[in-house]
Amino acid sequence: MIVADTSALISLATADTLQLVLEEFDVHTTETVLEELENTAEYDDSHGNAAENVLDQREQLTVHSTEDPEIESSRIDDGEATCTVLVQELEAEFLITDDLRALPEIQALTDARVAISPIVSKALVKRDVLTHREAETRLDSIAETRDWLGAPIYRRAKNLFDGDK
Amino acid sequence: MGTTRVNFRLPDELVEKADVAAEVTHKNRTDIIVEALQDYLEEVEDDEKFKEAVIELYLDDQIGFDVLKEFIGRQDAESVRASKTLLDQGDELADELAEL
């Protein structure tokens with residue numbers, strides 16, 4: 001069972017991998033994340049289009065309402081906070097987030113494994129449902145949408161697929 | 001390249017100085033603002049490329065965490081460090097994930 005936050009769902013949709021992930025894994029999220037996606041979908045840019053793409057596939061997501069987590073942090077937003085609560089409630093094995101700036105705090109808040117979307121792509125390659133070449137190309141599309149902090153990380157994540165060649 | 005008319009307010013003092021600069025350099029007010037904005041954008045872009053390059057040095061283990069922190073600040077450096085650790089453990093994490 002995995003819990004995915006807004007940033008993870010948007011990255012997976014940007015990389016055109018979301019449908020595969022939803023077929024392969026039991027993916028859960030929160031109502032707060034859906035609200036964030038609806039707000040993001042209002043924008044006519046790459047993030048907005050990706051959010052709309054996620055919302056088109058919402059039937060395949062299990063959406064939960066959560067208690068107000070009351071986490072005060074400049075780096076963790078409401079969607080991420082509710083996901084850390086949901087992970088505990090469901091005893092999910094993985095929490096997927098692509099908000100790198102929030103990553104250290106999210107890790108501190110949960111006992112679950114925390115992973116970023118390139119690691120999900122790597123798992124899809126291991127399951128033989130995605131080729132390493134497709135995974136690499138899709139990482140490029142994510143890297144293009146990221147700022148100076150994220151872009152080098154996503155470019156470097158391509159090394160994950162070196163061993164598969 | 002096309003142009004767009006934009007409306008914004010500038011502090012009086014800045015307009016005065018821009019007009020003096022325009023007079024001295026035989027340019028008009030628009031040229032001055034376009035040049036200043038271009039310089040600013042180049043600087044910001046260079047700065048971001050610089051920060052990306054510093055992060056790449058850290059990912060390559062050529063600089064340590066303390067140096068990274070000097071350039072991009074503690075919080076962002078911690079985010080980069082956490083991301084690097086995830087990438088380093090990526091194969092094992094993907095194994096666990098693939099087995100779910």
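Atom set for the values below is all heavy atoms of this structure, side chains included, hydrogens, waters and symmetry mates excluded. All of these numbers come straight from a predicted model, not from anything done at the bench. First the proteins, then the strands, lettered A, B, ... as listed; each starts at 1.
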Checklist line | Hphob cluster co-occupancy, A:Val85 + A:Phe94, side-chain heavy atoms under 4.5 angstrom | finding: no
Check: Within a radius of less than 6.0 Å around CG of B:Asp12, do more than 12 heavy atoms belonging to other residues, nucleotides or ligands occur?
Finding: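 Result for CG/B:Asp12: open.
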By a 4.5 Å heavy-atom criterion (distance strictly below it), what part of [X] contacts chain B: side chain, backbone, both, or neither?
X: A:Glu105; answer: side chain
X: A:Ala157; answer: both
X: A:Arg101; answer: both

Notebook entry, point to check: Of the backbone (N, CA, C, O) and the side chain (C-beta and beyond), which part of B:Gln89 lies under 4.5 Å from a heavy atom of chain A, both, or neither?
Noted result: neither
Notebook entry, point to check: Side chain, backbone, both or neither: which part of B:Asp47 has an atom under 4.5 Å from a heavy atom of chain A?
Noted result: neither
Notebook entry, point to check: When heavy-atom pairs shorter than 4.5 Å are enumerated against chain A, which of B:Asp76, B:Ile72, B:Asp95 gives the highest number?
Noted result: B:Asp76
Note to self: Quick check on the interface: out of B:Glu56, B:Glu48, B:Gln75, B:Lys84, who has the most heavy-atom pairs with chain A under 4.5 Å?
What the structure shows: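 So the answer, after comparing B:Glu56, B:Glu48, B:Gln75, B:Lys84, is B:Gln75.
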Check: Would you call A:Arg156 and B:Asp88 a salt bridge, using N to O less than 4.0 angstrom?
Finding: no
Notebook entry, point to check: Heavy atoms, side chains only, cut-off 4.5 Å: are A:Lys126 and B:Asp91 in contact?
Noted result: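 Side-chain contact under 4.5 Å: yes.
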Margin query: Less than 4.5 Å apart, side chain to side chain, heavy atoms only: is that true for A:Ile153 and B:Leu59?
Written below: yes
If you compare all heavy atoms of [X] against all heavy atoms of [Y], which two are closest, and at what distance to 0.1 Å?
X: A:Leu149; Y: B:Val80; result: CG-CG2, 3.9 Å
X: A:Pro104; Y: B:Ala82; result: CG-CB, 4.1 Å
X: A:Ile119; Y: B:Leu86; result: CD1-O, 3.6 Å
X: B:Leu100; Y: A:Met1; result: CD1-N, 3.9 Å

Margin query: Apply salt bridge (Lys or Arg N to Asp or Glu O under 4.0 Å) to residues B:Glu78 and A:Arg75 and explain how you reach the verdict.
Written below: CA-CA 12 Å; B:Glu78 281 172 1; A:Arg75 296 227 149 190; over 6 Å; no
